[in-house]
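These notes are about the structure you will find just below.
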Amino acid sequence: MKKDKILVIGACGQIGVELTLALRKMYGDNNVVASDLREEHDLLKGTGPYVSLDVMNKEMLHVLVIRHNITQVYLLAAILSATGEKNPLLAWHINMQSLLNVLDIAKEEGLDKIYWPSSIAVFGPNSPKEDTPQHTIIEPTTIYGISKFAGERWCEYYNHRYGIDVRSLRYPGLISYKSAPGGGTTDYAVEIYHEALEEGSYKCFLSEDTYLPMMYMPDAIRATIELMEADSAKIKVRSAYNLSGMSFSPKEIATAIKQHIPSFSISYEPDYRQQIANGWPQSIDDGLAGADWGWKPEFNLEKMTEDMLKNLKQQKG
Ligand code: NAD
């Protein structure tokens, strides 16, 4: 019987660290190879194999896949929404070529499964804002969203044309305390907890009533693993599934924090990220993820806030 051997690319990022640790628990430490451009993240040190890799170097990637007998790849390396707007051509190049390198090696080597995340950024100002459906107008206006939408089409193409078992989720903004966010428009929802504890106040780069779809990292990790563990016949969407956790505004997250830190105060100074947020949905309909592979989120704003503050307090000593 063939044993699963997993390669995580972009393992030192906000999602990568936690996903790598979760996969190591399930598959065994030595069966999950972590890789990134950056130095190994402190939380990964000593937990399993680590390889320095630039995913843009297809030959190196190919050699790594063969050398480690890789059967599944989780591709998390990307340039995120806010950073992407600063250098659109670079974001397009990295986001597309990294995916094409992985998909093509999957085809050549007959890999079992590929995971690549999409984002709610595929939606644009003409998409319905509330309960945005799986299939609707998709006209992204950021280069990040354009690259994610094109990536979804490539995933479906490789599935239909070559039978590659590629799976994907449109993550909402992800909130976590273990590793820092990487330049997205929803990063405020992580920063606010840190500054609430350190400064007692926060200056928000989005306006008070900007509602965005969000998710707590434990839900995102569970969704990813449940999707990847599901029977292939159940995965009917081969572009990327809508995925929903919760939806809130800066004003509401501030109110939730005040339940724990009554003196906390927030001010608003919207910057270029406001325009990105304005083009995105406020909430997502993820009915297909529920129907096809049983997705159900666990965390709401209150439960997440309690857990974030508790863990950050411990971390900061
Ligand atoms: P991140 O920026 O925190 O991490 C990405 C990692 O990829 C970094 O450690 C970076 O060093 C690495 N990387 C960049 N270029 C590389 C290269 N050429 N070769 C190898 N590694 C490289 O991002 P994240 O938040 O962990 O996001 C992971 C994936 O999830 C991305 O595809 C992102 O678009 C998607 N996503 C994230 C969110 C979110 O809120 N975090 C929301 C929607 C979708």
Side-chain angles (χ1 to χ4, degrees), residues 7-22 33-44 50-58 60-61 64 73-84 87 90-102 114-123 140 142-152 154-155 167-191 212-217 219-221 223-224 227 240-246 273 276-277 280-281 284:
L7 173 65
V8 182
I9 303 171
C12 296
Q14 191 195 6
I15 301 171
V17 170
E18 298 200 38
L19 190 57
T20 301
L21 293 173
V33 179
S35 72
D36 203 294
L37 264 185
R38 300 194 221 176
E39 253 185 49
E40 187 174 14
H41 194 283
D42 280 349
L43 290 174
L44 294 182
Y50 184 77
V51 180
S52 174
L53 171 80
D54 181 352
V55 66
M56 301 298 280
N57 186 335
K58 190 177 174 192
M60 282 276 290
L61 174 62
L64 190 99
V73 175
Y74 286 68
L75 170 59
L76 304 173
I79 304 283
L80 304 196
S81 57
T83 312
N87 197 339
L90 181 75
W92 170 257
H93 181 55
I94 290 184
N95 292 357
M96 294 323 309
Q97 200 55 48
S98 57
L99 177 61
L100 293 175
N101 286 353
V102 169
I114 303 296
Y115 178 75
W116 169 85
S118 183
S119 160
I120 55 153
V122 294
F123 297 113
T142 60
I143 199 63
Y144 176 69
I146 295 170
S147 71
K148 288 295 184 189
F149 183 46
E152 288 188 3
W154 275 109
C155 287
R167 306 178 183 198
S168 178
L169 297 171
R170 289 173 179 158
Y171 288 136
L174 299 180
I175 297 155
S176 63
Y177 61 89
K178 286 191 186 158
S179 103
T185 303
T186 52
D187 289 6
Y188 91 84
V190 178
E191 291 168 9
L212 286 171
M214 301 277 191
M215 181 175 276
Y216 197 31
M217 191 60 88
D219 269 347
I221 300 296
T224 307
L227 173 80
Y241 277 96
N242 273 10
L243 187 73
S244 173
M246 60 187 97
R273 288 168 282 194
I276 302 179
W280 287 355
I284 298 286

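First listed ligand is number 1; within each ligand, the first listed atom is number 1.
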Original post:
Does Asp187 use its side chain to pair, donor to acceptor, with the backbone of Gly184 at less than 3.5 Å?
Top reply: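 Side chain of Asp187 to backbone of Gly184, a donor-acceptor pair under 3.5 Å: yes, one is there.
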Please give the N or O to N or O pairs under 3.5 Å between ligand 1 and the protein, distances rounded to 0.1 Å.
residue  : atom   : partner : partner atom : Å
ligand 1 : 3 (O)  : Gln14   : N            : 2.8
ligand 1 : 9 (O)  : Gly13   : N            : 3.2
ligand 1 : 9 (O)  : Asp36   : OD1          : 3.4
ligand 1 : 9 (O)  : Asp36   : OD2          : 2.7
ligand 1 : 9 (O)  : Arg38   : NE           : 3.1
ligand 1 : 9 (O)  : Arg38   : NH2          : 3.2
ligand 1 : 11 (O) : Asp36   : OD1          : 2.6
ligand 1 : 11 (O) : Arg38   : NE           : 3.2
ligand 1 : 18 (N) : Asp54   : OD1          : 2.9
ligand 1 : 19 (N) : Leu53   : O            : 3.4
ligand 1 : 19 (N) : Val55   : N            : 3.0
ligand 1 : 21 (N) : Leu37   : N            : 3.4
ligand 1 : 26 (O) : Gln14   : N            : 3.1
ligand 1 : 26 (O) : Ile15   : N            : 2.9
ligand 1 : 32 (O) : Lys148  : NZ           : 2.8
ligand 1 : 34 (O) : Tyr144  : OH           : 2.6
ligand 1 : 34 (O) : Lys148  : NZ           : 3.0
ligand 1 : 40 (O) : Leu174  : N            : 2.9
ligand 1 : 41 (N) : Gln14   : OE1          : 2.9

Original post:
Under 3.5 Å, is there a donor-acceptor pair linking the side chains of Ser168 and Ser118?
Top reply: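 No, no side-chain donor-acceptor pair sits under 3.5 Å.
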Original post:
Side-chain donor-acceptor pair under 3.5 Å between Thr224 and Tyr171, yes or no?
Top reply: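 Yes - a donor-acceptor pair under 3.5 Å links their side chains.
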Can you find a heavy atom in the side chain of [X] that is under 4.5 Å from one in the side chain of [Y]?
| X | Y | result |
| --- | --- | --- |
| Ile9 | Ser35 | yes |
| Thr186 | Ser81 | no |
| Leu243 | Arg170 | no |

